[in-house]
Number of protein chains: 2
Amino acid sequence: MSNDACHCVLLRKATRKVSSYYDEALAPLGVNIGQFSMLRNIRRTEPVSLTDLAHRLDLDRSTVGRNAKVLARMELVEIGHGEDQREAVLTIAPKGHEVLEKGAPLWDGVQDEIDARLGAGKARQLQELLAAL
Amino acid sequence: MSNDACHCVLLRKATRKVSSYYDEALAPLGVNIGQFSMLRNIRRTEPVSLTDLAHRLDLDRSTVGRNAKVLARMELVEIGHGEDQREAVLTIAPKGHEVLEKGAPLWDGVQDEIDARLGAGKARQLQELLAAL
DNA sequence: AAGACAAGCGGGCATATGCCCGCTTGTTCA
DNA sequence: TGAACAAGCGGGCATATGCCCGCTTGTCTT
């Protein structure tokens, strides 16, 4: 009872579930929602350092670094050096752009499905509530 | 922009954030919100099999098994055998009950904080929206 | 009763996440 | 200029999660 009302547990459950929707849709491209989202974020301000990206994604820097390494291995991003020799900067590789293009409609599809299931108004509410947390 | 409107990414972000609230509050007890939640769930129907618990938690069975092992190592739960020799059944150990008792008020505190920040009505809305996903 | 089929697990493989420690590179101040 | 101090990372440690394969134990059908 009290458990079912736990914001955290419900959030975790919902996140796993919703993530799997996106993951399924993106599966043909070989990337999951986390990777796809990261690609999008990199594209927005490439070249971008791990630290900056981590700030924007609200993730630990080390997490971003490791995830970036996975994307690099898949040849979706390139990890280079900035002027500052300490900085590792990320840029989208050709294959990465391909994934971004092919993934956009798939991603939109899931998004639309969820909006439809929830109703546009409710979807907006959800966004606001999540942002307020 | 489109990224900020992504249900999934927002959910993931919110989950990480909210989880950390609970984790901080429970830190003195040495357990995180996932473990605490699992303890509560076990207590509700102990003894319970890994498979049953996995269904209830909406988690993969293997995940539950591994998490249970961690709890067992911490001496918070006991892993035994059911009549069916295949089944591994979980029960709360004495230390587990202790954690459950001491954790309840801490958990309530976070819950209340969130309710307060969101407003009771909004909190309820959030619950409903999450359930609808 | 024997063989087919199903249930319940453990462990391997891969990713995701956070925290902390230590190394390298930059910057700043005396 | 040389010595603190700060920034940016990588890698180690631990947990979390899902999927798949293979082993053991039960059940069911012929």
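Naming: A, B, ... by sequence-line order, numbering from 1 per chain. Values below: every heavy atom of this structure, side chains too, minus hydrogens, waters and symmetry copies.
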Worksheet item: Quick one: does B/Val89's side chain get under 4.5 Å of B/Glu46's, heavy atoms only?
Response: no
Fill in: Expected output: side-chain A/Ser49 to main-chain A/Asp52 donor-acceptor under 3.5 Å
yes
Worksheet item: Along DNA chain C, 5' to 3', what are the outermost nucleotides having an atom less than 4.0 Å from a heavy atom of chain A?
Response: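 On DNA chain C, the outermost contacted nucleotides are C/dT15 to C/dG26.
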Worksheet entry | Distance-only polar pair, side chains of A/Arg16 and A/Ser20, donor-acceptor under 3.5 Å | no
Classify [X] by what it touches in the nucleic acid, base, sugar-phosphate, or nothing, heavy-atom distance under 4.0 Å.
| X | answer |
| --- | --- |
| A/Arg16 | sugar-phosphate |
| A/Ser20 | nothing |
| B/Arg66 | base |
| B/Thr63 | base |

Discussion item. Just to be sure I understand the geometry, which residues of residues 67-74 of chain A put a non-hydrogen atom under 4.0 Å away from DNA chain C?
Written reply: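 Output list: A/Asn67, A/Val70, A/Arg73.
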Worksheet item: For DNA chain C, which residues in residues 81-95 of chain B have a heavy atom at a distance below 4.0 Å?
Response: B/Arg86, B/Glu87, B/Ala88
Practice prompt. Verify the neighbour count for atom NE2 of A/His81: are there more than 12 heavy atoms of other residues, nucleotides or ligands below 6.0 Å?
Written response: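 Incorrect, the count does not exceed 12.
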Worksheet item: Quick one: OG on B/Ser19 to CZ on A/Arg12, what's the gap to the nearest 0.5 Å?
Response: 4.0 Å
